[in-house]
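Here the structure is laid out as structure tokens; the discussion comes afterwards.
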Amino acid sequence: QVQLVESGGGLVQPGGSLRLSCVASGSIFSIDRMGWYRQVPGKERELVAGETSGGGTNYGESVKGRFTISRDGAKNTVYLQMNSLKPEDTAVYYCNADIRERRGVVVTTPYLYWGQGTQVTVSS
């Protein structure tokens, strides 16, 4: 079994910063890519930041220049550094990852896993 667990959310004032973390654990063989999405009630989940298959990164238009995604491969952890936060950044933030599992002698094809989400609230 594979699990993604996010942490680091909370309440922050406008203009402040937060760093989210997401740790993947379980029978992991390798992680192809990781990313962050967010969702507010009544709206679709939207991309915040993600790793591309070519090894690059892409960002949602509203967070470019303010948010940075990074990964520690040794720790199976992806981070989202969020600076200059705005009230409209308030949402539940989810990480996801394309993970190949080791099941005995078999390595599976990549499967997309999601974390349970962490709430970020930007308010004075």
Side-chain angles (χ1 to χ4, degrees):
Q1 296 290 341
V2 170
Q3 190 176 18
L4 299 181
V5 178
E6 300 102 334
S7 62
L11 174 64
V12 63
Q13 292 187 342
S17 298
L18 280 177
R19 188 175 84 151
L20 304 183
S21 301
C22 173
V23 181
S25 63
S27 54
I28 297 170
F29 176 78
S30 66
I31 301 177
D32 287 3
R33 51 152 298 285
M34 303 183 84
W36 289 94
Y37 283 70
R38 67 186 181 188
Q39 189 170 25
V40 297
K43 292 189 176 182
E44 292 188 357
R45 196 170 292 187
E46 65 172 1
L47 172 71
V48 177
E51 299 174 326
T52 65
S53 58
T57 54
N58 59 356
Y59 294 87
E61 285 296 323
S62 63
V63 307
K64 284 182 179 179
R66 299 187 297 123
F67 291 9
T68 303
I69 186 173
S70 61
R71 198 214 295 200
D72 185 333
K75 296 181 179 180
N76 288 337
T77 300
V78 64
Y79 303 97
L80 183 68
Q81 178 66 44
M82 305 186 293
N83 299 326
S84 302
L85 282 160
K86 304 175 181 180
E88 51 264 43
D89 295 317
T90 296
V92 177
Y93 284 71
Y94 299 90
C95 72
N96 70 3
D98 287 312
I99 296 176
R100 300 173 189 264
E101 293 181 64
R102 183 190 301 278
R103 296 180 180 173
V105 297
V106 175
V107 175
T108 67
T109 55
Y111 182 84
L112 183 63
Y113 286 91
W114 289 86
Q116 82 290 348
T118 185
Q119 176 71 46
V120 172
T121 302
V122 184
S123 175
S124 55

Same hydrophobic cluster for [X] and [Y], using side-chain heavy-atom links shorter than 4.5 Å among ILVMFWY?
X    : Y   : value
V92  : Y37 : yes
L4   : V23 : no
V120 : Y59 : yes
I31  : V2  : yes

For a quick test of reading the model, state the closest non-hydrogen atom pair linking [X] to [Y] and the distance between them.
X   : Y    : value
A97 : M34  : CB-CG, 3.9 Å
S21 : T77  : CB-CG2, 4.5 Å
I99 : T108 : O-OG1, 4.4 Å
T90 : V122 : OG1-N, 2.9 Å

Ring-face cation of R100 near F29 (centre distance under 6.0 Å, axis angle within 45°):
no
Should the pair F67 and Y93 be assigned to parallel (<30°), tilted (30 to 60°) or perpendicular (>60°) ring geometry?
tilted
Identified side-chain hydrogen bond (donor to acceptor under 3.5 Å, both in side chains) counterpart of S62 within the set R38, E46, K86, E88:
R38
Sidechain-backbone polar pair: E51 side chain, G35 backbone, donor-acceptor under 3.5 Å
no
Picking from L20, V63, D89, I69, what satisfies side-chain contact (heavy atoms from CB on, under 4.5 Å) with V48?
V63
